Amino acid sequence: MINYLIIKSKIRPYLKNLILNKSSSILPDGYEQVKYIESTGTQGIDTGIAGDCAWEIKAQSTISGTSSQVLISKSVESGNWFGAINGKWGSGGTGITSIDETTLANIVLNFSGATISGTVNGESFRRIGVIDSSETYRLFSRNSYPFSGKLYKVKCVKNNRIVRNLVPAVKKSNGNQLFDYTRTDGIIANKYINQSGTIVSGANDYYISYPISVTPNETYTWRFNADSISTTHTAPTVGFYDNNDNLISVAQHAIQVKYFSFTVPSNCAYIRCSVYTVNNAQEQAMLNKGARPLRYEAYIPDEVGMYDVSATSKNLADLHNVNKTALSLNFTTGNNMTIVVNGTKASGANVIAIANPNIMLPAGTYTIKIKMIDGTISNITGGAIFGINASTYAMRTSPQVNKVGDIGTRTFTLAEDTLLTSLDITPSYGDVGSVWNNATFECWLYSGSDDVPYEPYQKRFYTNDGTGEFLYK
């Protein structure tokens, strides 16, 4: 039995009988491949590509009555969509109404211009509208006919080249906090777990947490906020439960203790904690791995989506949607994910954050580069610099570039995992009044110190931008 934990627009399950085989994963560190992601309503994933390619999809869904469901659509409420119509996936014979987990739908769509041909397990595919090669397509995101089912695989081929090969995946949170006090589902209000494992009623200052996934034989620490909790009401209690929801045992420390560490039994699947709520204590409760309490931090959920295992670009600089105006200069994304700069530079601060990717860079060696490939810059003595995280000297390119063919570079080492908060362009230090006319730059950031030729960033992880939540297994 699998139970699911929905967290705002993303989701993390507490898994009762699932062990992910990390050693066989084809994904990089920080991601876990899962069996499927499941849409329950208005979830959606923008694939970032036009529909005029060959799609191969494995999915599972059951259609009831005369309902319709969207598998692929041009936009959230576009007339161009493809899926199950009037209770049927296929159009031949009686049609296909049920696709179970043992006979997954093998969906094949082939587009030639505005013409579509396709099959679902051998039957002709039912559809509304024709393909549009000018707009990107989305997976199950039409609000009027939401897809309710599971997605196992999506492959897109264009001109005999794989442009997307998407597998279900979870991007694991890098936070230490394992308890989300904002959760409202799954809790047991006005009760707590006593030292005998009994759920005691009438405890208005407590609630029992939702089930929290843990690792057998791992050590954890559970604490309340020492600054806001009375010393007479702080006995932390944790109940251990197996796959069948049976209580295994209880861990509880002395009443005067604000935190305690415990080791999870070998047959434990999840825990539930007694949570104290006086003075909003639950907002500072902390569950973390390890035998000592860590400084409080907010809960960061996992992200659920589809990972493109066909992406090969080493460039980590995501500059796909830049549109920034600063110092009277306009920075935009050009062809092949270049940066195009136009305008006459005004006075002011020089370092300009043109993108904020907010991704974690693991400790190690990195190289950044910038190359001017088109346009002109006049009335200038310096030139453009590319950098990261507000472009401190150690992480910005040198020398400055101001004419076609110029290249700036820098190799640096991160001693610890570092959040990439910004990608920056410095349009010369000083040089007020310099004129930038379609000045076009290739910018790249990659791991290592080798001389890597430019290639545009390729997005790898595609997440929900709809209004619902994805489940997964």
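Since the model is a prediction, treat every value here as computed from it, not as a measurement. Both backbone and side-chain heavy atoms feed into the values below; hydrogens, waters and symmetry mates do not.
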* What's the spacing between Thr421 OG1 and Leu361 CG if we round to 0.5 Å? -> 9.5 Å

* Structure fact -> d(Lys459 NZ, Asp318 CG) to nearest 0.5 Å is 8.0 Å

* Taking C-beta and beyond as the side chain, do Phe441 and Val341 meet within less than 4.5 Å on heavy atoms? -> yes

* Structure fact -> All heavy atoms of Lys172 vs all of Asp302, minimum pair found to be NZ-OD2, 2.9 Å

* Give a yes or no on whether the backbone of Ser209 and the side-chain of Arg272 come within a donor-acceptor separation of less than 3.5 Å. => yes

* Apply side chain to side chain contact (heavy atoms under 4.5 Å, CB included) to Lys289 and Leu178, showing your working. => CA-CA 8 Å; Lys289 283 188 176 182; Leu178 302 178; 4.3 Å; yes

* To do: Would you check if the side chain of Asn244 reaches a backbone N or O of Asn246 as a donor-acceptor pair within less than 3.5 Å?
  => no

* **Side chains of Leu294 and Met286 in contact at under 4.5 Å (non-hydrogen atoms)** => yes

* Between the side chain of Arg164 and the main-chain N/O of Lys155, is any donor-acceptor distance below 3.5 Å? -> no

* **Leu419 CG to Asn356 CG distance, which is reported to the nearest 0.5 Å** => 10.0 Å

* **Closest approach of Pro427 to Leu327 (non-hydrogen atoms, all atoms of both residues)** => CG-CD1, 4.2 Å

* Is there a donor-acceptor pair closer than 3.5 Å between any side-chain N or O of Tyr462 and the backbone N or O of Leu166? -> no

* Min side-chain heavy-atom separation Asn389-Leu420 under 4.5 Å -> yes

* Asked: Shortest non-hydrogen contact from Ala394 to Phe412?
  -> O-CB, 3.4 Å

* Under 3.5 Å, side chain of Asp417 to main-chain N/O of Ala363, donor-acceptor pair present? -> yes

* Would you say Gln177's side chain and Leu287's backbone share a donor-acceptor pair under 3.5 angstrom? -> yes

* Val250 versus Asn194, closest heavy-atom pair with distance -> CG1-O, 3.6 Å

* Heavy-atom closest pair, residues Val214 and Cys268 -> CG2-SG, 4.0 Å

* Determine yes or no for a side-chain-to-main-chain donor-acceptor pair under 3.5 angstrom, with Thr397 supplying the side chain and Ile385 the backbone. => no

* Would you confirm whether the ring centroid of Tyr181 sits within less than 6.0 angstrom of the ring centroid of Tyr299? => no

* Val154 vs Met306 side-chain heavy atoms within contact, under 4.5 Å -> yes

* Apply the test side chain to side chain contact (heavy atoms under 4.5 Å, CB included) to residues Cys273 and Ile208: give CA-CA distance (whole Å), side-chain angles for both, the deciding distance (0.1 Å), then the verdict. => CA-CA 6 Å; Cys273 305; Ile208 301 174; over 6 Å; no

* In sequence, state the C-alpha distance, the side-chain angles, and the governing distance for Leu139 and Thr47, and then conclude on side chain to side chain contact (heavy atoms under 4.5 Å, CB included). => CA-CA 7 Å; Leu139 301 171; Thr47 64; 3.8 Å; yes

* Within a strict 4.5 Å, meaning less than it, do heavy atoms of the Lys369 and Val452 side chains meet? -> no

* To do: Would you please test Asn330 and Thr325 for side-chain hydrogen bond (donor to acceptor under 3.5 Å, both in side chains) and show each step?
  => CA-CA 4 Å; Asn330 183 236; Thr325 298; 3.0 Å; yes

* To do: Would you check if the side chain of Thr221 reaches a backbone N or O of Asn288 as a donor-acceptor pair within less than 3.5 Å?
  => no

* **Verdict with supporting geometry, Tyr31 and Phe461, ring-ring contact (aromatic ring centres under 6.0 Å, His included)** => CA-CA 10 Å; Tyr31 294 86; Phe461 194 46; 5.2 Å; yes

* To do: Determine, step by step, whether Asp245 and Tyr270 satisfy the side-chain hydrogen bond (donor to acceptor under 3.5 Å, both in side chains) criterion, reporting the C-alpha distance in whole Å, the side-chain angles of both residues, the deciding distance to 0.1 Å, and the verdict.
  => CA-CA 9 Å; Asp245 302 324; Tyr270 67 90; 2.9 Å; yes

* Do Asn323 and Thr333 touch side chain to side chain, with heavy atoms closer than 4.5 Å? -> no

* Asked: Which of parallel (below 30°), tilted (30 to 60°) and perpendicular (above 60°) describes Tyr152 and Tyr36?
  -> tilted

* Stepwise side chain to side chain contact (heavy atoms under 4.5 Å, CB included) check, Asp424 with Ile352 -> CA-CA 5 Å; Asp424 313 312; Ile352 299 168; over 6 Å; no

* Does a donor on one side chain and an acceptor on the other come within less than 3.5 Å for Thr367 and Thr411? -> yes

* Asked: Mind checking whether Phe262 and Phe260 have ring centres under 6.0 Å apart?
  -> yes

* Show the numbers, then the answer: is there a ring-ring contact (aromatic ring centres under 6.0 Å, His included) between Trp444 and Phe386? => CA-CA 9 Å; Trp444 59 119; Phe386 178 54; 8.6 Å; no

* Heavy-atom check, side chain of Trp222 versus side chain of Tyr259, under 4.5 Å -> no

* To do: Look up atom CD1 in Ile300 and atom CG in Asp180, then write down how far apart they are to the nearest 0.5 Å.
  => 11.0 Å

* Under 3.5 Å, side chain of Asn217 to main-chain N/O of Asn267, donor-acceptor pair present? -> no

* In Å, rounded to the nearest 0.5 Å, how long is the span from CD1 of Ile188 to CD1 of Ile193? -> 7.5 Å

Would you mind writing out the side-chain donor-acceptor pairs for residues 307-317 within the sub-3.5 Å range, not counting sequence neighbours?
{"from": "Asp308", "atom 1": "OD1", "to": "Asn165", "atom 2": "N", "distance (Å)": "2.9"}
{"from": "Asp308", "atom 1": "OD1", "to": "Ser310", "atom 2": "N", "distance (Å)": "3.0"}
{"from": "Asp308", "atom 1": "OD1", "to": "Ser310", "atom 2": "OG", "distance (Å)": "2.5"}
{"from": "Asp308", "atom 1": "OD2", "to": "Ser310", "atom 2": "OG", "distance (Å)": "3.3"}
{"from": "Ser313", "atom 1": "OG", "to": "Asn315", "atom 2": "N", "distance (Å)": "3.1"}
{"from": "Ser313", "atom 1": "OG", "to": "Pro456", "atom 2": "O", "distance (Å)": "2.8"}
{"from": "Asn315", "atom 1": "OD1", "to": "Ala317", "atom 2": "N", "distance (Å)": "2.9"}
{"from": "Asn315", "atom 1": "OD1", "to": "Leu445", "atom 2": "N", "distance (Å)": "3.1"}
{"from": "Asn315", "atom 1": "ND2", "to": "Cys443", "atom 2": "O", "distance (Å)": "3.3"}
{"from": "Asn315", "atom 1": "ND2", "to": "Glu455", "atom 2": "O", "distance (Å)": "3.0"}

* Structure fact -> In short, Phe331 meets Ala326 closest at the heavy-atom pair CE1-O, 4.1 Å

* Asked: From Asn190 CG over to Thr277 OG1, what is the distance, rounded to the nearest 0.5 angstrom?
  -> 8.0 Å

* **Any donor-acceptor N/O pair, Ser274 side chain to Tyr192 backbone, under 3.5 Å** => no

* Would you say Ile37 and Val170 make side-chain contact, with heavy atoms under 4.5 Å? -> no

